[in-house]
Amino acid sequence: MCLALPARITRLLDDSMAEVELGGVLKTISVALAPEAQLGDYVIVHVGHAIGLLDEDEARATLALFAELAQHEAH
Amino acid sequence: MCLALPARITRLLDDSMAEVELGGVLKTISVALAPEAQLGDYVIVHVGHAIGLLDEDEARATLALFAELAQHEAH
Amino acid sequence: MKHIDAYRNGDLARGLAATIAAEAKPERQYNFMEFCGGHTHALARYGIVDLLPANVRMVHGPGCPVCVLPIGRIDMAIALALEHTAIVCTYGDVLRVPASAGLSMQKAKARGADIRMVYSPADVLQIARNNPSREVVFLAIGFETTTPPTALVIQQAQRENLPNFSVLCCHVLTPSAIGHILTSPEVAEWGTLPLDGFVGPAHVSIIIGSAPYEPFATQFNKPVVISGFEPLDVMQSILMLVRQVNTGRAEVENQFTRVVTREGNRAAQAVCEQVFELRDSFEWRGLGEVAHSALQIRPAYAAWDAEKKFTLPYLRVPDHKQCDCGAILRGVKRPTDCKLFATVCTPDNPMGSCMVSSEGSCAAHYTYGRFRDIPLVTHP
Amino acid sequence: MKHIDAYRNGDLARGLAATIAAEAKPERQYNFMEFCGGHTHALARYGIVDLLPANVRMVHGPGCPVCVLPIGRIDMAIALALEHTAIVCTYGDVLRVPASAGLSMQKAKARGADIRMVYSPADVLQIARNNPSREVVFLAIGFETTTPPTALVIQQAQRENLPNFSVLCCHVLTPSAIGHILTSPEVAEWGTLPLDGFVGPAHVSIIIGSAPYEPFATQFNKPVVISGFEPLDVMQSILMLVRQVNTGRAEVENQFTRVVTREGNRAAQAVCEQVFELRDSFEWRGLGEVAHSALQIRPAYAAWDAEKKFTLPYLRVPDHKQCDCGAILRGVKRPTDCKLFATVCTPDNPMGSCMVSSEGSCAAHYTYGRFRDIPLVTHP
Amino acid sequence: MNTTAKASYQRPLDFKRGRIDMNHGAGGRQAAQLIEELFVQALDNPYLRQGNDGALLDIPAGHRLVMATDAHVISPLFFPGGDIGSLSVHGTLNDVAMLGARPLYLSASFVLEEGFALADLQRIVASMAHASREAGVPVVTGDTKVVERGKGDGVYISTTGIGVVPLDCHISGANAKPGDVVLLSGSIGEHGMAVLSQRESLAFGTTLVSDSAALHTLVAAMLAAAPNGAVRTLRDPTRGGLATTLNEITRQSAVGMHLQEDAIAVLPQVAGACELLGLDPLYIANEGKLVAVVDAPHAASVLAAMQAHPLGHAASQIGVVTADPHHFVQMSTRFGGRRVVDWLSGEPLPRIC
Amino acid sequence: MNTTAKASYQRPLDFKRGRIDMNHGAGGRQAAQLIEELFVQALDNPYLRQGNDGALLDIPAGHRLVMATDAHVISPLFFPGGDIGSLSVHGTLNDVAMLGARPLYLSASFVLEEGFALADLQRIVASMAHASREAGVPVVTGDTKVVERGKGDGVYISTTGIGVVPLDCHISGANAKPGDVVLLSGSIGEHGMAVLSQRESLAFGTTLVSDSAALHTLVAAMLAAAPNGAVRTLRDPTRGGLATTLNEITRQSAVGMHLQEDAIAVLPQVAGACELLGLDPLYIANEGKLVAVVDAPHAASVLAAMQAHPLGHAASQIGVVTADPHHFVQMSTRFGGRRVVDWLSGEPLPRIC
Ligand code: SF4
Ligand code: SF4
Ligand SMILES: [Mg+2]
Ligand SMILES: [Mg+2]
Ligand SMILES: [Mg+2]
Ligand SMILES: [Mg+2]
Ligand SMILES: [Mg+2]
Ligand SMILES: [Mg+2]
Ligand SMILES: [Mg+2]
Ligand SMILES: [Mg+2]
Ligand SMILES: [Mg+2]
Ligand SMILES: [Mg+2]
């Protein structure tokens, strides 16, 4: 499964570290593997490391597609 | 006080060790400091070592003297 | 939770289910393998199976790094702790996996081994700094997702010149395993279920990108859809596979576009490239030896390679003879077909790889799915 | 118990008491010092004081190796454990003695020091063998009685070439202390009670023999009776002292003939001679610096001398200013004369040497004798 | 010679810098001092003041007795929303309450580790006293032992509670019947996640607090809301979480259960932390929640009574009892599927996959 | 698809080579298994079989309740004459009995150290079951926690006992009055010295066994031998020994005591071991002895009742209660002198001087 979750960067810290937030929970992680991550970005967190960034436009598109695919049937 | 007690040697063991008995209790001690101690002897035991031998004749004499000194008064 | 809850919506699920049912052709069977345990887990935990039509069957693949970790590697970690009196650190998932001689890392701990659970490889570095007089070994497991953080700490240990830290590297590679399933000689032995497509890894692909799956599409003519792990992601991916099959395509499609790109995470790939190199061969529990399917630490970092630092013979430990994992992983059997299922073999005492973690197909069925074997009674 | 019970006979005690009462001249005062804590303890525990006539007074001497151990030496042992992370072993008696900074060895243990109680010095050797990666130090205390076993283990460590074992030597010598009490300049400060004789050490004399006391009898014209520690021994010795005083003699007599000889234990003396040499001076708690009153490890055994092996500064720690031990040890004051007795100073929180072990005069009075300060009520 | 002996004097305990040492457990003067200056002082009540090795207690006539015990070994000792002191009161009181009883008295036995700071112990005992007074249940007798450093973890507290229950009240995990309704008093997982948030190496920031609370007044309100026998089973889903507690009940009563996932409340912080660590809130410990199995006709009034109580304001019906020879707890997921909710196997360990 | 699910299967515990691990304390399936296959199996009784987190108990009407608790942390766990299992039954039952009560029920809470051999645990629980059955007092409820290796010492057991006492029975350490008589049920120091004989580095050879025993039938015989109120105080001289117990009583009752040393029996082996280690039997723990303060007119009949009971055959009158504002316990020595018998200070440590 490689348990990994999208969490929002709430603070950028020294040494490639950052604080992220998920459901009101704060956790300090490393962003060394996602050096382009900025404050407010959603990163994918795995074993205490951001391993990638979440593209919010693509997320919106995916959700829109879900709705479309689901409605398709309702017709 | 240098807590030390007369105990009887019940077994001579290897390496200058011996088993002694006191009130039915058995304890393994060193007789390195009382090399002349023999089976059945009473030794004075201190911090796990026999530090001297008890002379049973002298013990008898002391007890006899106690009795004498105590009786002295009874007269 | 943003970017999570929206992908678990039950109303949309019903809609998607109806669309799948409408588009799946009643006259044919669709057999899709989800490689990842993450997908297996989502299918079972959210009850997605209940929402799929009967002719769409999901075959659970070997994609759980804990399940495929061979017993002999855990034995090595236990030997490091018990015989070399090292502090051995690893992820919580590994602690309960049975090893040889009735042990597991958790039971070895009960026998005096200094075994510690960590959340991040960085924690192991800290333990090594705090215990300069002890050897501290990280039993590193995981697919491509988990490899870059391990690479980072090895580089950090080199920078600090930390002499008491080392890594027992058990990182494995997904594309090789997928290829193996399609080509291994065992296929002949068990027969094989014709697979119509793959639900491709989500988080692995964040690192490696979607490109590495393209050869499967072209060489084996199998559709692949890279899919997120949330249940709506999985359903959409299944729909995408159904559509590829229906239209006779065999492409790599990416459902998980919000995170996965074709190229993957270049920074992470670079770190891994510096620290690791391909092993010639590695044993996968349930699959056996798979060529070029795992990583080892490069000679430049040999000082932090536990396999180089300690004398650690690797002994292969076979699974129970009656274990049907090989057949289950290829879709020709189901967990309930195995004689050992839920009798000798349970999540508390797994006999084969499919029962080891909650992401294994036998474990997922045991933990979440056993009710399917009986009729549901809701009222007396 | 043979050779024990017979010396605790109450009937004989009453008889001896009557004889002492009969022979002690009513017109004079007899002040005898028992040097040894063992005698102090016997006097208190068996209630011997109740059996002596009012004009025979026992003055409690400094003869308890725990009481006279200066605080600074315990501080050294604690530093070895807390700062040098050594395993420090010692006899149970020492564990509760207050050290500086509110500590004791027991409280240091509560703060993480690895402090272990041993019954015999041989146990320390075994601990050192079992913990080759740790420094193991024996805090060795005691008079001549206890010194030979320490000498034996140092020799054994040399034979085994045991590199992680060492001894913090605090062994002290009785004759020097007796001499000091009779001659020290502090006598002028407190005044002094004219001592009419000494009850001499029992077990110390097993080792050194009775001969070393002969100079006191000749130089200071004081009777000395070497006495066993059993209560009847003590009473007989007191009678022997009364008789010497009455007849104007000042000799060394030996009441404890069943064990003590004039020469002592030659084998034990030889071992001590090989391993130890005289210190120029040593601090005794309650007495201060006493010349030639203690032993140190000879250079030939320096590898096992904790004072040579570790950097261990010795800091003198004075007792509470209001502590009257100096005067009490010389018989010019009694425990109840001290303002601190049973208020600030108790066996749980000793302020001076006399309260440290149950053999100190203040502790003996606190533990066994406080009832003497009130009238006995047996019925309502 | 003085005519009056000085009374036995003891320097007061140093609650600022003092530490537990072996003497405090040896049964002598220092042990007595610890009892007097700390335990009796803080927990003060007439029973404890009897000063004997046990307590003499009054109990109302016409009742049966309930007795329950729990050992408390939590790490860390202090956590958001409580500490081992308050927990050791709530944890045992709740087990008494889960049999429908009114808790009356508690005993407490302490295993202290040599070196434990007296200041921490004082804080824990004060918290225990506060929880006990708030619940109206005094700690009437106790015991203290000290173990060597490295043979304990600061302090372990075992508490035993006794309470009384009317002769006609029969609540048990064995009483659930098919058709009964399963009620839950509030959101799950807060205690376990609050504690986990403080664990070194897992530590995460959260305003989450343990739900640790004494549930006996909630139970009293529930029992008052329905006739005797309507409340079949009460149980607090502590270690093992809601999932394990429900499995205990289905096995004990030889029934099954069918839950609705969307009726089970989980705070966002608990959900977030569980996602982060790969844990399932169904398996996380609670210390201020209860599960009730109630016969269907009275479920609504019992639920209303729960919702009217501060400790049950978020109560909900989470499922029904079924007939099932396998005693499965099944759940319809929020997503629309179905799954088994199995026993906790092993410890709930943070996962990476 | 099969039509029947396989029932949940669990491999039985391995009592030969198995060890406690953290899973056994996690509250899930393995924890339930340990309870069923070990505790319920060995301690079997109808209350435990209720299977709830507490027990529902019957108590006779017209009584008051007595509750007492003890934590047991002994090392070594097995010693001549008993083990931590039997001791945890006797130690708590006796505290209940010392208030004149008839013990009825026990609870037990276990703190197990990770790595503890299941074989040893099984032996301990069997011994507990044996002691409980012999005393006629069932263990009706319990709890088990597992702590990490290095945070325990094999097993700690806290037990709580409850018993009943007639409304007109008032026994307390506060009731001793000047003129009362002090009785002791037998020779002292056997438990403590038997345990010490097994301690590494102090180990000595002896046939000495602990006196560990349940004293409630002895108490019943004593109470039957005199009118209500004649027996003022009962106490078992455990940790701290006879000396400390008597000081507890003099302080609690604001009296003094005067003992006769020659009336206090000490076995030769206890005397010998005490001499060897520099210990005083007055400060050594007992686990099957009691001290009684009885009003003088009934002392003889109570003493006779004690001597007629197997656990009191060596009973004797050891002293009298006096008026003393300092609450001293004094003793006339066998030798003919007098001494104070003070509280134990600290631990009784072996001495060399
Ligand atoms: S049930 Fe166990 S033994 Fe059978 S196939 Fe699955 S993992 Fe293998
Ligand atoms: S009572 Fe304490 S302070 Fe006073 S003389 Fe004795 S030891 Fe010194
Ligand atoms: Mg309980
Ligand atoms: Mg509870
Ligand atoms: Mg409960
Ligand atoms: Mg107690
Ligand atoms: Mg600890
Ligand atoms: Mg008790
Ligand atoms: Mg008790
Ligand atoms: Mg008691
Ligand atoms: Mg419990
Ligand atoms: Mg241990």
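Chain A is the first sequence line, chain B the second, and so forth, proteins listed ahead of strands; every chain is numbered from 1.
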For F:Ile352, does its backbone N or O pair with a side-chain atom of D:Asp93 as donor and acceptor, under 3.5 Å?
->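 Pair found, side chain donor or acceptor close to backbone of F:Ile352.
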
Write down the atom of D:Met117, the atom of F:Leu202, and the distance for their closest heavy-atom approach.
->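 Looking at all heavy atoms of both residues, the closest pair is CE-CD2, 4.2 Å.
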
At their closest point, which heavy atom of D:Tyr46 faces which heavy atom of F:Thr333, and how far apart are they?
-> O-OG1, 2.9 Å

Contact part of F:Leu259 toward chain D, heavy-atom cut-off under 4.5 Å: side chain, backbone, both or neither?
-> neither

Examine the side chains of D:Arg96 and F:Ser345 and answer whether a donor and an acceptor come within less than 3.5 Å of each other.
->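 Side-chain D/A pair, D:Arg96 to F:Ser345: present.
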
Comparing F:Pro268, F:Ala271, F:Gly278 against chain D, the one with the most heavy-atom pairs below 4.5 Å turns out to be F:Ala271

For chain D, find which of F:Val340, F:Val255, F:Val341 contributes the most heavy-atom pairs closer than 4.5 angstrom.
-> F:Val340

Audit row: F:Phe335, D:Leu232, side chain to side chain contact (heavy atoms under 4.5 Å, CB included) steps and yes/no = CA-CA 9 Å; F:Phe335 193 71; D:Leu232 285 179; 3.7 Å; yes

Decide, yes or no, whether a salt bridge links D:Arg8 with F:Glu275 under the criterion of side-chain N to carboxylate O below 4.0 Å.
->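 Yes, this pair counts.
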
Rounded distance [0.5 Å steps], OG in D:Ser358 versus CG in F:Asp342 |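 Going from OG on D:Ser358 over to CG on F:Asp342, the span is 11.5 Å.
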
Kindly determine whether D:Tyr119 and F:Arg199 satisfy side chain to side chain contact (heavy atoms under 4.5 Å, CB included), including the steps that lead there.
-> CA-CA 11 Å; D:Tyr119 172 74; F:Arg199 289 260 171 87; over 6 Å; no

Quick one: of D:Arg45, D:Gln106, D:Arg116, who has the most non-hydrogen atom pairs under 4.5 Å with chain F?
->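 When all of D:Arg45, D:Gln106, D:Arg116 are compared, D:Arg45 has the most.
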
Which region of D:Asn9, side chain (C-beta onward) or backbone (N, CA, C, O), has a non-hydrogen atom less than 4.5 Å from a non-hydrogen atom of chain F, or is it both or neither?
-> backbone

